[in-house]
Amino acid sequence: MDNKNRKEMIEKVKRLSPFEIKDELIHIAKKSQEKSTDQMLNAGRGNPNWTAATPRRAFFTLGQFAVDETQRVWCDGDLAGMPFKKGIYNRFKEYCKNNKDAGGIDLLEEVIEYGIREHGFEPDDWVFELVDAIIGDNYPVPDRMLVHIEKIVREYLIKEMGGDPKTDTHDIFAVEGGTAAMCYIFDSMKANGLMNEGDKIALMVPIFTPYLDIPKLPRYNFDVTYIYASEMNDKGRHTWQYPKEELDKLKDQSIKCLCVVNPSNPPSVAINEEGMDYLKQIVKEHNPDLMIVTDDVYGTFCDKFKSLMVTMPYNTLGVYSYSKYFGATGWRLGVIALAKDNVYNKRIANHSSQEKERIRIRYASLTNEVEKLSFIDRIVADSRQVALNHTAGLSTPQQVQMAIFSIFGMLNQGLKYKEKTKEICKQRKELLYENLIGLPLKNDSYSTNYYDEYDLLVWARMKYGEEFAQYLKTKRDSIEFLFELAEKHRIVLLNGSGFEGPSWSIRVSLANLYDEQYVEIGKGINELFDEYAKDWKNSKK
C-alpha cells in the first residue's frame with residue numbers, strides 16, 4: 001500500500017472501535033502474507049489459546065450418564081424419557097465404579113462429593129439437578145439460577161474476588177457471558193429510573209471499548225466523566241493506577257454510576273490497595289449512593305486482587321466471565337452478582353410516587369408486590385422483556401459446565417491449573433520484552449500479564465529522548481504505526497487510544513499465540529520503531 005492510500009485508509013478508520021480497526025489490519029496482514037511465507041500473527045484477540053480439558057471431560061461423561069438415566073425410564077428407539085430423582089445418587093456411584101476409564105470421571109465424582117461435603121446438599125437432589133440440567137429438558141427454575149449451582153458458583157466467585165464465601169450474601173444471575181451482562185445491566189438501570197438520559201456516569205479508563213460506546217448511544221446519551229489511570233513512576237513509566245486527583249472527580253454527587261474493568265483492559269493491571277482504600281473513602285464521605293459496576297473477568301490471573309464487589313458490596317454490582325480463565329469464550333458463561341443489601345434497591349425505593357407507579361406497571365405481571373422485587377430479579381425479567389420472564393435464565397447445560405468449572409477451580413488440581421495459566425502469560429511477556437530493546441520489563445504484583453499496553457511515547461523518550469517523542473506526536477500517527485506493522489510484519493495489534501488510553505499506546509494480547517510467536521512480535525515492533533527513529537534522524541539532516 002502506498003503512503004497516499006495508507007493515509008486515506010487511516011483517516012477513514014480513526015473513529016472506529018479498535019476491534020473494527022483490527023479487521024482492517026487483518027485484511028492488510030493477509031494481503032501481505034500472500035507475498036511472503038511468514039505467518040500472520042494476530043495478537044489483537046483476547047481469547048486464550050488454552051482450554052481446561054478435565055472439566056470438559058467431566059461434563060461430557062456426566063452427559064453420557066444422564067442420557068443413560070433418561071433411557072432407563074423410557075427407551076423406544078431414539079425416544080427416551082426424563083430423568084428420575086429417587087436413588088439417582090446411588091446409580092451415579094455405580095456408574096462411576098463401572099466406568100473408571102471414562103474421561104474426567106474422577107473430577108466428576110469429586111464434583112458430586114464436594115457439593116455434599118462442603119454444602120450439605122442432599123445427594124439425590126444434587127445429582128438430579130445436574131442430570132436434569134445437562135439433559136436440558138426443562139426451563140431454568142428458578143429462572144435466575146438453579147438452586148445448588150448458584151451456591152457453588154457464588155462460593156467460587158467470592159473466593160476468586162478476594163472475599164469470604166461464609167459471610168457473603170450475593171445473589172447470582174447466570175448470563176450469556178460478560179457481554180450479555182453489560183447489556184442487561186444498562187437496560188435495567190434505565191428501565192428502573194436509576195440512570196436516565198443525560199445523567200452523569202464515570203468511567204475508569206483505559207477500559208474495554210463497549211463501556212465507552214454504550215453511554216453514547218441515543219437511548220442513553222449519558223454525560224461521561226473519565227477517570228484516567230495516569231499515574232507515572234519515578235522513571236516516567238505508566239503504573240496504570242489512578243492518582244488521587246483523578247479519583248477526586250467522584251466527589252461530584254451528580255455522578256450516579258461508576259464503571260470499572262478491574263484488572264483493567266488493556267493495561268491488565270488491578271487497582272492497588274492504596275487506590276482501593278482512597279476510592280472507598282471518597283464514596284463513603286462524598287458520594288455514598290454511587291452505583292458501581294465492576295467487570296472482573298481478569299481477576300483470576302492477578303496475584304494481588306480484591307474486587308470492589310467484596311470491598312464495597314453495598315455499592316457494587318459485579319460482572320464475571322469464565323471465558324478467559326477456562327478458555328471458554330464459546331460457552332458464553334458469565335454471572336451478575338449483587339449483595340442482598342445494596343444501593344440499587346435503595347435508590348429504587350427512594351423514587352417519587354409517580355416514578356414508582358411507572359415502574360410498577362412494568363413488572364405488574366410478575367408480582368403484586370413490585371416494591372419487594374430486588375434489582376437483580378428485575379434484571380432477570382428485563383433480560384426477556386418482562387413478558388417472557390418465565391423462560392428467562394441461562395440454558396441449564398451451560399449452568400452445569402459453569403458448576404464443574406467452579407468446583408474444579410477450587411480443588412488442588414484447579415489451583416495448579418491456575419498457576420500454569422499465570423505462568424504462560426508471564427513467560428510470553430518476558431519473551432516479548434526481551435526483544436523490545438530499550439524498554440526493560442517492569443514487574444508488578446498487580447499485573448495479570450494477560451495483556452500489555454505499551455506507550456510508544458514513553459519508549460521513545462527512554463530510547464531516543466524527548467525530541468524523538470515530540471517528532472512522533474507531531475509528524476507521525478499511532479494508527480499508521482499499526483497499519484505498517486500489519487503490512488510489513490504481518491502483526492496485528494490494537495490501538496490503545498480506542499480504549500481511551502494514551503494516544504500512542506498499543507495493546508498486545510499475551511494469551512492467544514504461542515510462546516515463540518511473541519519473540520517475532522517483539523522483533524517486529526522493535527524493527528518498525530527503529531525505522532521511525534531512522535526517519536526522524538534523517539529529517540534533521
Side-chain angles (χ1 to χ4, degrees), residues 119 140 142-189 192 194 208 211 257-263 270-271 276 280 290-300 302 305-326 328 332-348 373-383 392-394 398-399 402-403 405-407 409-410:
H119 290 269
D143 46 21
R144 195 180 72 226
M145 201 162 185
L146 300 180
V147 174
H148 298 83
I149 290 177
E150 180 180 2
K151 292 176 181 177
I152 293 296
V153 170
R154 180 195 294 114
E155 181 191 11
Y156 165 76
L157 178 66
I158 298 305
K159 280 184 175 179
E160 289 295 342
M161 297 299 101
D164 182 0
K166 293 179 181 178
T167 60
D168 180 72
T169 66
H170 281 79
D171 289 320
I172 310 294
F173 174 27
V175 296
E176 302 87 345
T179 50
M182 293 169 60
C183 297
Y184 295 161
I185 290 165
F186 278 106
D187 279 351
S188 283
M189 290 178 78
N192 285 278
L194 296 173
F208 185 42
Y211 287 101
C257 180
L258 168 68
C259 291
V260 54
V261 173
N262 183 35
I271 301 172
M276 191 75 77
K280 190 174 181 179
L290 180 69
M291 297 175 289
I292 301 174
V293 177
T294 184
D295 186 335
D296 298 343
V297 61
Y298 303 104
T300 41
C302 184
F305 180 70
K306 277 225 171 182
S307 169
L308 290 165
M309 65 178 279
V310 299
T311 60
M312 302 174 64
Y314 176 74
N315 297 85
T316 306
L317 187 153
V319 174
Y320 179 75
S321 167
Y322 288 68
S323 60
K324 304 302 192 293
Y325 182 45
F326 293 101
R332 314 312 297 137
L333 304 179
V335 295
I336 296 171
L338 186 62
K340 290 186 184 300
D341 181 25
N342 63 78
V343 73
Y344 298 84
N345 288 346
K346 177 190 173 183
R347 279 184 173 269
I348 292 171
L373 195 63
S374 173
F375 180 57
I376 195 167
D377 289 316
R378 296 174 190 229
I379 296 176
V380 176
D382 291 332
S383 74
L394 184 68
Q398 287 172 281
Q399 293 194 44
M402 190 183 290
F405 278 148
S406 295
I407 292 178
M410 293 185 285

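The distance from the CG atom of Asp341 to the NE2 atom of His170 is 11.0 Å, given to the nearest 0.5 Å. How far CE of Met161 is from CG of Asp168: 11.5 Å, rounded to the nearest 0.5 Å. Atom CE of Met145 and atom CD1 of Ile376 lie 10.0 Å apart (nearest 0.5 Å). Note that CD1 of Ile292 and CG of Leu258 are 5.5 Å apart. Values are rounded to the nearest 0.5 Å.
Taking all atoms of both residues into account, the shortest heavy-atom contact from Tyr344 to Thr316 is CE1-C, 4.4 Å. The heavy-atom pair separating Leu394 from Ala174 by the smallest distance is CB-O, 3.5 Å. Considering every non-hydrogen atom in both Ala403 and Ile152, the closest pair reads O-CG2, 3.9 Å. Listed here is the closest heavy atom pair of Ala181 and Val319: CB-CG1, 3.8 Å. Between Met309 and Ala337 the shortest heavy-atom distance is CE-CB, 3.6 Å. Listed here is the closest heavy atom pair of Gly393 and Phe173: CA-CE1, 4.4 Å.
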Start with the C-alpha gap between Met276 and Leu308, add the side-chain angles, then the distance that decides, and say whether side-chain contact (heavy atoms from CB on, under 4.5 Å) holds. CA-CA 8 Å; Met276 191 75 77; Leu308 290 165; 3.1 Å; yes
Run the side-chain contact (heavy atoms from CB on, under 4.5 Å) check on Ile379 and Leu317 step by step: do they pass? CA-CA 12 Å; Ile379 296 176; Leu317 187 153; 4.0 Å; yes
Between Ser383 and Val175, is the side-chain contact (heavy atoms from CB on, under 4.5 Å) condition met? List the steps. CA-CA 9 Å; Ser383 74; Val175 296; over 6 Å; no
Start with the C-alpha gap between Ile336 and Leu338, add the side-chain angles, then the distance that decides, and say whether side-chain contact (heavy atoms from CB on, under 4.5 Å) holds. CA-CA 7 Å; Ile336 296 171; Leu338 186 62; 5.5 Å; no
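No donor-acceptor distance shorter than 3.5 angstrom exists from the side chain of Asn192 to the backbone of Leu194, with no hydrogens or angles considered. Under the 3.5 Å distance criterion, the side-chain polar atoms of Arg378 are left unmatched by any main-chain donor or acceptor of Ser188. Using a distance-only test at 3.5 Å, with no hydrogens or angles considered, no donor-acceptor pair links the side chain of Asp143 to the main chain of Ala392. Put simply, the side chain of Asn345 gets close to the backbone of Phe375: a donor and an acceptor are under 3.5 Å apart. Counting only distance, with no hydrogens or angles, the side chain of Gln399 and the backbone of Leu146 share a donor-acceptor pair below 3.5 Å.
When the options Tyr298, Tyr320, Phe405 are evaluated for a side chain to side chain contact (heavy atoms under 4.5 Å, CB included) with Tyr325, the one that passes is Tyr320. With Phe305 as the fixed residue, the side chain to side chain contact (heavy atoms under 4.5 Å, CB included) test singles out one of Ile271, Asn262, Thr300: Asn262.
With sequence neighbours excluded, the residues forming a salt bridge (Lys or Arg N to Asp or Glu O under 4.0 Å) with Lys159 are Glu155, listed by chain and number. Every salt bridge (Lys or Arg N to Asp or Glu O under 4.0 Å) that Glu150 has, sequence neighbours left out, goes to Arg144, Arg154.
With a 4.5 Å cut-off on side-chain heavy atoms, Leu290 and Val343 do not count as touching. The shortest side-chain heavy-atom distance between Phe326 and Leu333 does not fall under the 4.5 Å cut-off.
Aromatic rings from Tyr156 and Tyr322 are positioned such that their centres are separated by under 6.0 Å.
In Lys306, the NZ atom is not crowded: 12 or fewer heavy atoms of neighbouring residues, nucleotides or ligands sit closer than 6.0 Å.
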